[in-house]
Structures are given as C-alpha cells and as structure tokens.
Amino acid sequence: MDDSKNKKSNQDILTIDELIDKASSLLGLQMNQINENLEFDGKKGDFGFAIEEGGFNYPRNSRAEADFKDLNVELKVTPFKRNANGTYSSKERLVLNIINYMEEYKKSFEDSSLWTKNQTLLILFYEYIENISRSDFMIKYGILHQFSEQDLIIIKNDWQIIIDKIKAGKAHEISEADTYYLGACTKGKNSSSTRQQPFSSIPAKQRAFSLKTTYMTQIVRELTTNTKPEDSLFNYVELVGDSFEESIIKKVAPYIGMTESQLLGLFELDTVAKSRFEMIFTRMLGLKGKLSKVSEFIKANIQVKTIRVEDTGKIKESMSFPAFKFTEIVNQEWEDSDIYKLFETKKFMFVVFKKINGEYTFDNIVFWNMPYEDLNVYFKTIWLETRKIIANGDIVKFVDNKGVRHTNFPGQSSNPVGHVRPHARLKTDTYPLPSTDKVTGLNVYMKYCFWLNSKYVEESILKL
DNA sequence: GCATGATCATGC
DNA sequence: GCATGATCATGC
C-alpha cells in the first residue's frame, strides 16, 4: 500500500478548506514558479505531476483511488484557450481513469472505478497560449467540481451505455459520440495500444473515461464570463428514464403530426425565415434563445439539424460539413483528421419534418452518431482517396468545352456513406494546393468539403 | 431523376 | 470577410 512518504504528505492537507486554500494560492502562478524541478517541454502529463509535487507536496502516483484519498478529491490540471472571437474554450477533454474492460462491467455505477475515483474533482485550469514555453503557462482558475444532480443522471446513463457496449462484445466499436457528457476516449501511445475485452476476442483500443471537451468548455465559459448559461434545457425538460434522448422525445411528442402552419400559430410565430423549423423546435422545448447556446447541447456536443423530407420520401440535398484545407489533409493521418474527429465526437439530433398533403408536418427526432464501420471503413476510404488525389496533383480529370472542371474526387456513387464536393462562395474562393494540379497547372483550388450522401441520410440515419 | 459542379444566404 | 448551412444549375 502507501509508503511512509505518501502518508506523511497526505497529512499536510486535512480538510477541504485547507485544500481550497492551497489551490487558491496557486492561482496566478506559472508552472515554473510552482515546481522548479521538472522539465516542462517533455511529456503531456507533466503538469499534473508537477503540481501534485510542487503545489501540494504530494509525490506522483498512478493509484486507483483519488489523489486526496481522505477527502476523496481527485486533482486535475487542464488547459483552456482563447478563441479568435474572444471567447474561451477548453483545449482538451478531461481524461479521468483508464477503463479496464475486464472488470468495469461487473460493477454498479456506485462501485465503478469512475465513481470511486472521480466524484469530486479539484480542477486547476491553466491558459494555453501558442508559441510560449510550457513552463510559462499560468494557472488562472481553480474549482472544486461536483456533478449537479442533472449532470449526474446523464453521466450515469453514459457510463451504462459504455458498459452495455462492453457486455455486447463491442468494446472495439466504442465511439466518444455514443455518449453525452462522459466519453470513452482513446488513450495510449497510438491507435495500436489495445487491450483485451471480456466478450469478444477482438482487441479493443485502450480507452479512458473522460469529460468531453465540450463539457469542459461549458465550465470554462462559466468561469471566464462569470455567468450561468442563459438557457438550460433541463430546467424546461424533465429528465425521464435517465436518458437524454427519451427526455427530449417525451417533451416534443405532443407536437408530432402537427403541421408547419399549426405550429407557427401555436407558438405565435409570424415568419417565413428559413430557420423557422428550428424556431419551432426551440419553442417545443420551451426555450427562448438559440439552440446553439443551450448549455446541455454544448456540453454534449450535440448538433441540431432540421431535415425536411419530401412527400416522395426523399431528402433533396446531401449534407455538407466545413471546408477542408488541401495543405492540411496531405499532412495528416486519418485519426488526426478534422472530419474523423468530428464524426468520432459529435452527436447529431435530426428534427424531421415530413411533407404530407403538401404541408411539412413534424414527424420525429432522431439521435445519431456515425457507427464504427461507416466511419472507420467507408469514410476512411473516402478520406484516403481524397488525400492521395490532392497529394498527387490529380484533382482535375478534364475541363469540358464550357470550362466546367470535372474532378477525380470520390463521388456520390462511389461510396454509400459520403462524397467530396465544392463548398465555396465562388470558384475564386480558394485554398492553396500542396501539389500543382497536373491538368490545369493551378496552385490554388476552390474550397471543398466532405458530404454525407442524401441517400445515406435517408436510408441509414432516418431509416425512411 | 440523379450526380456533380457551382453558388447563395445568413450571422458573426 | 469568412464560416457554415443550404440550395441552384446543368448534363447525362
């Protein structure tokens, strides 16, 4: 068990108040002022250890119990950053403990490794600034974090979702986007760090419980602006059945089958704005502000999309995503790519309006994140092909006599999941190319992005 | 009718 | 001015 050195330093801090005092005294200090002994330009985990040692006089350890065992408080040190628009975000997810697939499923939530170690977190936030020495990073905020009752309900359910996947022999198919606040993020030197799972012989990537980047961002926003979120969903929506999805579906169920004009009338909306379907949905939830500002949607990294289905059962258009930079894609590996990270972490909430007798009618809500195979087999193929085409300068196949450029990018018919198409204001709206295009000699090209095929949205997501 | 190239509309 | 979500235009 603990050696004598551990025991001694443990006794330096006896109460929560002493712990908070000690933490407060670290605010405004740079890493090198807290601990002069460590090299900071090396490994990532150093700040945690450095502060345990330099700030709390507590030797490094990797034990399963909380850092301040008697107080049951776990110390976390994590970065936040300033965005271009002046707001602040968490830089990373907050990694908690590694999941032992062979053991965790045997436990109840209350006895789980997650809950045993992490029910109270002392989180110290330092500001990450690009191009400055890591040793100059400064601790700016500290909080003693306990989960609110509502957050805890979601987190328990998230834990259960992860456990259910282990029990189904699908630990290798876990995605961070399966869950809402608590994620299972990959952890290890690289994607080949795997471990055994109990109900399948397939090795699963090593993963750790973590609080999603977006969950942490909401905490950072509250600290940096010193305000609570304007709109909190679960003040309006009763959490039922412990599930995020069920709660929202139950809330909007009374409106299913109502037409656009009925709903506009009901909510006293007099508008022809394109965003009127989103406005209607906002009112169904009882919210006033923008959906993108709802703290639960931010925390869970949920993106709401309204979809209109025509009376033929078809969706008119494919779904676009942010444009990629040609020069970035050629220097990335699949699992570092923006589109991989997007689909690996983002949960979509589709609000479906169906055209019936000539009028759009509220149909249902579909929660979705990209399944493992669709991402790591089909979408990966599209991405690899795209990277190769750009790297080889092979974008344009030929230019027809009207001047229209036909490309080699993977089209809608080449892959069941997605394709690559322009996403720009104009043809002249371009990003630089890493390799000169062989056919046209161009060094810049119109912005492009990855799309989800409309047929994929129809058949695989909405299951029309 | 669908696939693909190209562009629009809005908000910040 | 740009990112993002959405849609138009054309040819097969």
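Lettering follows sequence order; numbering is per chain, from 1.
Along DNA chain C, the nucleotide nearest A/Asp429 and the nucleotide nearest A/Ser318 are compared for position; the residue whose nucleotide lies closer to the 5' end is A/Asp429. Comparing A/Lys316 and A/Tyr431 along DNA chain C, the residue whose closest nucleotide (by nearest heavy atom) sits nearer the 5' end is A/Tyr431.
Contacts between residues 396-405 of chain A and DNA chain B, counted as heavy-atom distances below 4.0 Å, involve A/Val404, A/Arg405. Listed by residue number, A/Met446, A/Trp451 are the residues of residues 435-459 of chain A with a heavy-atom contact under 4.0 Å to DNA chain B. Contact check of residues 406-427 of chain A against DNA chain C (heavy atom, cut-off under 4.0 Å) returns A/Arg421, A/His423. Within a heavy-atom distance below 4.0 Å of DNA chain B, no residue of residues 352-370 of chain A is found.
Using a cut-off of 4.0 Å between Lys/Arg side-chain N and Asp/Glu carboxylate O, A/Arg207 and A/Glu344 are scored as salt-bridged. In this structure, A/Glu335 pairs ionically with A/Lys205, as a charged nitrogen and a carboxylate oxygen lie closer than 4.0 Å. A salt bridge is defined here as a Lys NZ or Arg NE, NH1 or NH2 lying under 4.0 Å from an Asp or Glu carboxylate O, and A/Glu333 with A/Arg387 meets this definition. The residues A/Lys299 and A/Asp151 are annotated as salt-bridged, a charged nitrogen and a carboxylate oxygen being separated by less than 4.0 angstrom.
For the residue pair A/Asp136 / A/Ser133, no side-chain donor-acceptor distance below 3.5 Å is found, with atom types taken as modelled. Defined by atom type and a distance below 3.5 Å, a donor-acceptor pair is missing between the side-chain atoms of A/Tyr340 and A/Asn376. A donor atom on one side chain and an acceptor atom on the other are found under 3.5 Å apart for A/Ser89 and A/Arg221. Between the side chains of A/Gln30 and A/Ser135, no donor-acceptor pair is found at a separation under 3.5 Å. For A/Glu222 and A/Gln218, the side-chain atoms include at least one donor-acceptor pair closer than 3.5 Å.
Summarising the local packing, OH of A/Tyr378 is surrounded by 12 or fewer heavy atoms from other residues, nucleotides or ligands at distances under 6.0 Å. Residue-environment remark: NZ (A/Lys305) exceeds the threshold of 12 foreign heavy atoms within 6.0 Å.
Panel note: side chain A/Asp158, backbone A/Tyr180; a donor-acceptor pair is recorded below 3.5 Å.
A/Gln303 comes within 4.0 angstrom of sugar-phosphate atoms only, judged by non-hydrogen atoms across all strands, and of no base.
Only one option out of A/Arg93, A/Lys347, A/Lys212 pairs with A/Glu176 in a side-chain hydrogen bond (donor to acceptor under 3.5 Å, both in side chains); it is A/Arg93.
Bracketed by its first and final contacts, the part of DNA chain C lying under 4.0 Å from non-hydrogen atoms of chain A reaches from C/dA3 to C/dG11 in 5' to 3' order.
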Identify all side-chain donor-acceptor contacts of residues 306-314 of chain A below 3.5 Å with residues at least two apart in sequence or on another chain.
residue  : atom : partner  : partner atom : Å
A/Glu310 : OE1  : A/Tyr360 : OH           : 3.4
A/Glu310 : OE2  : A/Tyr360 : OH           : 2.9
A/Thr312 : OG1  : A/Lys314 : N            : 3.4

Full working for side chain to side chain contact (heavy atoms under 4.5 Å, CB included) between A/Phe409 and A/Tyr448: CA-CA 10 Å; A/Phe409 282 128; A/Tyr448 268 62; 3.4 Å; yes

